[in-house]
Amino acid sequence: MESVSSPLRCFGECHTAEKYTDDGVETVTSVEQRKVERSIQEVVSVYKQIHSLPQPTLLRDQHYQYLKKGLRHLSDAYECLDASRPWLCYWILHSLELLEEPVPTAIASDVCKFLAQCQSPTGGFAGGPCQAAHLAPTYAAVNALCIIGTQEAYNIIDRYYSIIDRYYSIIDRYYSIIDRYYSIIDRYYSIIDRYYSIIDRYYSIIDRYYNIIDREKLLSFLFSVKQPDGSFVMHIGGEVDVRSTYCAASVASLTNIMTPTLFQDTPTWIVSCQNWEGGLGGVPGLEAHGGYTFCGMAALVILGKEHMLDLKSLLRWVASRQMRYEGGFQGRCNKLVDGCYSFWQAGLLPLLHRALFKGGDSTLSLQKWMFEQQALQEYILLCCQNPAGGLLDKPGKSRDFYHTCYCLSGLSVAQHFGNMDLHHELIVGREENRLAPSHPVYNICPEKVAQAIQHFHQLPVPVPAQKEVSSACNTTADHS
Amino acid sequence: MRGGARKGSKKSPKLIMKTRSVICFTALPSLSPSRLCSYKRDRKEWADLEPVPQDDGPNPVVKIAYSDKFTDVYDYFRALLKNDEKSDRAFTLTAEAIELNAANYTVWHYRRVLLQALEKDLREEMRYITAIIEDQPKNYQVWHHRRMVVEWLNDPSEELEFIAEILSQDAKNYHAWQHRQWVLKEYKLWDSELEYVEQLLEEDVRNNSAWNQRHYVISHTTGYSDPSILNREVQYSLKQIKKAPHNESVWNYLKGILQDRGLSSHPGLLEQILELKETHCSPYLLGFLVDIYEDSLENTSGDQVEVLSKALELCELLAQERDTIRREYWSYVGRSLQTKYCSGDPSTTSSAPETDRGSASVSVHQETTCNS
């Protein structure tokens, strides 16, 4: 392709006019907003000076090194995430899959063994070995296993297919001398048979990763945190908020353990979190917030009940969260831009698009999401990359794996419109900036989602204990 | 609630441990382990307990380089957990474990179990959790713990003041607001809340959390059905709009309180907004006009061509000039209105979904593939 210098939105003449108007009334909100805008302006102007051709570049190698290292070793600065280690696995593995960097077999196997250590004897996964099960690390662990499980097996299978192909070509050569070489052909057929049996063994490796998950106990765990009003607590004796419904719906749907009563009243509860702003809060009554809105919407999509929300209000709210100057998204109205909302907020638009389409809307675009894709990519590429690798919230903040995961996820959303059947790409900067597409509900690559669902749907849904089904209410006795 | 604690079945060891830990406990404040670098593994008070190292498996991943102190404390925490020990030394250790990682929800849960089993002084626990929250106000576990203690004491008397103190440092702390809403609803402490909200809005009219709280309080007290309340709120909002027209929160609030009844049904509102448009225009005002017109199209019978035309004109203006970051959104709104209200007038702007809008799509790399 041509390397044409693309006009960046943030280099345009009109860009400065998008700065915040404080109407001469200074408050904490406006002062903070203007500070951020000044720092963005600084970044953009430095970029202009250094680069004659504005071709924003994703620092692939640097991010890869940062991620590769983190997957093994983390400094003591990460002590504060000692109860979130499956999250670290997921954030890093998902980032690597977006960058289309393969995970070495040895590490994939080690991740698998580690997550097995994090699984609780009573079901679900914990933040680390010997900790209590919690819906958030459960979500992260299941996603991580889905990411590595298939890749590992596919790598091995591909290797053996190429060996088989080589032997097929040898056979073809000897067909012309059939009589003398019947015995040779027979010999090669037996070699092929042997490799087929090796392949069968490696199909079982897929099972080995997926089978780490104890589905029966996982279902028990989900029932144990279910509340009578349809919500879920994050862990026994823990807090309720809409994140839990997403974590529960995600793992239950991927591993095929949904029973008729598991999500009873859950959609109604989630919908009650939608407020006067159009977005969703963590619990009913709270301010609309990007992270919680994503969780609520995605959970409803999984449960097939997204039409219960006021989709038009939600659309207006999320579209309004994109910052006119910075190009990135804020988490709540009148708050600051943050790279992670590139996913939580922008990621809502594919979900809304699909929901509106399902509802019969014929006026939806066939090429673009309803947010400024170019502006978001510019924000992430120019303002959210650490030159030594890793991504971040905004200029001046430190890198971390959470922001690396969600900035890259947001970048992928902004680059890819559509689904398997209709796909339109918009890549800001070099073609090498292209990331793999991600599934908008689960935020792992779509192939991994399909593979996991296909695998687990071959297994029967576990039968919950009768007391679990009828007594979601009894757990509150232990609500300490 | 606090009862039901299992008195240890093995009486004498517990008594001995309790005595030792009392000595230990009183000694601790002046012999802070971190200052003396004195680890549990070196103290005879812990000699009876075998520490449990963390089992990450053979080749660990996401391996954190814990400090020696961290390893020490958590090796002993795991040991206590394994033995389900309910003692004062366990209780003290939870505080140390929390200090090292306040997000460890397993430790917090265990601390709560101990609070009940050992019948600890919950007032002292309130002082403890107050200090921890002051230090780490953006942590889920600390706020949840406070809520549990308040519930056990059935005493919310310190809450509103405490939360106000935290909000004075960060007026938008989500956890603080969540806790506040719970206290208000659970203990029906609505009386002064609207006044508090107004004070916050006085300090920062752009505080969206405060606007949300305003909606929360009114919804749970008078409601918005009473026309005098609704009107009061509309007037309050318009007043704030005039002061700072580019404050998105107030526009969202105004829409939020009127949308159920229909924006176009509020008498005189359209006229007031059109008047404001001359002197206090903003993308939010224009969007609000679109909303009024849309509501009018939805709920009024009769000639709508004029209204539709105005709405479409505004969508175009927003998409092309005044709110270009939301170009795709406003174009969609325009197309939706057009399709729904079927304007037969060929002169109204018709923007088909795939119209090339000039420089926007020219030079960034694009590729359409259809894979079936």
Side-chain angles (χ1 to χ4, degrees), chain A residues 1 4 6-7 21 23 25 27-29 71-76 78-80 82-83 85 88-89 110-111 113-114 117 129-132 134 235 237-239 276-277 282 285-287 319 322 324 332-334 363 365-368 370 372 374-375 420-428 431 480, chain B residues 54-57 59-67 70 78 100-101 103-106 109 112-113 116 140 144 148 172 177-178 181 204-209 212 215-216 243-246 248-249 252 256 325-326 328-329 332 335-336 339 353-354 359 363-372:
Chain A
M1 65 138 244
V4 172
S6 5
T21 314
D23 302 313
V25 178
T27 63
V28 171
T29 300
L71 195 49
R72 278 291 180 206
H73 297 290
L74 298 162
S75 74
D76 62 0
Y78 277 87
E79 283 178 349
C80 60
D82 185 45
R85 290 173 70 202
L88 287 160
C89 293
D110 293 337
V111 169
K113 294 197 186 83
F114 172 71
Q117 292 292 104
C130 287
Q131 296 179 27
H134 187 296
H235 61 99
E239 72 274 16
W276 56 274
E277 300 174 78
L286 282 177
E287 194 183 357
Q322 188 167 19
R324 60 181 66 251
R332 304 179 248 167
C333 181
N334 266 327
T363 58
S365 168
L366 295 173
Q367 290 193 329
K368 295 199 174 151
M370 281 186 275
E372 234 290 3
Q374 182 179 349
M420 306 281 256
D421 304 319
L422 176 66
H423 188 202
H424 187 101
E425 289 183 4
L426 193 161
I427 314 289
V428 167
E431 169 64 7
S480 54
Chain B
Q54 180 161 275
D55 185 7
D56 273 359
N59 301 307
V61 293
V62 293
K63 185 171 188 229
I64 300 169
Y66 306 110
S67 68
F70 195 102
R78 279 183 281 271
L100 291 164
N101 179 17
N104 193 314
Y105 55 90
T106 306
H109 184 260
R112 284 192 284 277
V113 167
Q116 295 196 298
Y140 282 96
H144 180 66
M148 302 280 51
K172 303 180 184 180
W177 283 113
Q178 183 166 355
Q181 289 196 347
D204 183 355
V205 71
R206 300 177 178 100
N207 184 341
N208 198 67
S209 307
N212 182 68
H215 194 278
Y216 184 75
K243 275 196 224 163
H246 288 79
E248 189 182 344
S249 293
N252 292 346
I325 191 80
R326 274 165 276 284
E328 287 300 320
Y329 171 73
Y332 166 76
R335 290 193 305 271
S336 297
T339 307
E354 314 328 322
S359 62
S363 44
V364 292
H365 176 85
Q366 289 189 29
E367 191 175 78
T368 315
T369 55
C370 275
N371 308 315
S372 46

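Just so you know, these numbers come straight off a predicted model, no measurement behind them. Note: hydrogens, waters and symmetry copies are ignored here, and every other heavy atom, side chains too, is used.
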Query raised in the report: Would you say the side chain of Lys63(B) lies within less than 4.5 Å of the side chain of Leu74(A), judging by non-hydrogen atoms?
Result: no
Query raised in the report: Do Asn252(B) and Trp276(A) have a side chain donor and acceptor closer than 3.5 Å?
Result: no
Query raised in the report: Side chains of Glu372(A) and Ile325(B): does their closest heavy-atom pair fall under 4.5 Å?
Result: yes
Query - Segment of Ala319(A) engaging chain B (4.5 angstrom heavy-atom cut-off) - result: both
Query raised in the report: Under 3.5 Å, side chain of Gln181(B) to main-chain N/O of Gly285(A), donor-acceptor pair present?
Result: yes
Requested in this report: Working to the nearest 0.5 Å, report the span between CG of Asn334(A) and CG of Asn208(B).
Outcome: 6.0 Å
Query raised in the report: Taking atom types as modelled and ignoring hydrogens, do the side chains of Ser67(B) and Asp76(A) form a donor-acceptor contact shorter than 3.5 angstrom?
Result: no
**Report entry** Contact class of Arg332(A) relative to chain B, heavy atoms under 4.5 angstrom
**Finding:** side chain
**Report entry** Spatial distance of atom CD (Glu287(A)) from atom NE2 (His215(B)) [nearest 0.5 Å]
**Finding:** 13.0 Å
**Report entry** Nearest heavy atoms of Thr29(A) and Asp204(B), plus distance in Å
**Finding:** OG1-OD2, 2.6 Å
**Report entry** Structural part of Tyr66(B) lying under 4.5 Å from a heavy atom of chain A
**Finding:** both
Report summary line: Scored by heavy-atom pairs under 4.5 Å with chain B, the best of Gln322(A), His73(A), Glu79(A) is Glu79(A)
Query raised in the report: Measuring heavy-atom distances to chain A, does Arg206(B) have an atom under 4.5 Å in its side chain, in its backbone, in both, or in neither?
Result: both
Query raised in the report: Given side chains that start at C-beta, do those of Asp23(A) and Lys243(B) come closer than 4.5 Å, heavy atoms only?
Result: no
Query - Largest heavy-atom contact set with chain B, pairs under 4.5 Å, which of Gln131(A), Lys113(A), Glu277(A) - result: Gln131(A)
Report task. Among the options Phe70(B), Trp177(B), Tyr216(B), pick out the one with the most heavy-atom pairs lying under 4.5 Å from chain A. Result -> Phe70(B)
Report task. Give, as side chain, backbone, both or neither, the part of Ser75(A) having an atom under 4.5 angstrom from any heavy atom of chain B. Result -> backbone
Report task. Anything under 30° is parallel, anything over 60° is perpendicular, the rest tilted; go ahead and classify His134(A) against Tyr105(B). Result -> tilted
Query - Max heavy-atom pair count under 4.5 Å with chain B, selected residue of Ala83(A), Cys333(A), Cys130(A) - result: Cys333(A)
Query raised in the report: When heavy-atom pairs shorter than 4.5 Å are enumerated against chain A, which of Asp55(B), Val61(B), Val62(B) gives the highest number?
Result: Val62(B)
Requested in this report: Please examine the side chains of Pro129(A) and Arg78(B), heavy atoms only from C-beta on, and report whether any two atoms are closer than 4.5 Å.
Outcome: no
Report task. Ignoring hydrogens and angles, tell me if any N or O in the side chain of Thr363(A) forms a donor-acceptor pair with the backbone of Tyr332(B) under 3.5 Å. Result -> no
Query raised in the report: For Asn101(B) and Cys80(A), which heavy atoms make the closest approach, and how far apart are they?
Result: OD1-O, 3.3 Å
Query raised in the report: Side chain, backbone, both or neither: which part of Glu248(B) has an atom under 4.5 Å from a heavy atom of chain A?
Result: both
Query raised in the report: When only pairs under 4.5 Å are counted, which of Leu88(A), Val28(A), Asp82(A) shares the most heavy-atom pairs with chain B?
Result: Asp82(A)
Query raised in the report: Checking Gln178(B) against chain A: side chain, backbone, both or neither under 4.5 Å from a heavy atom?
Result: both
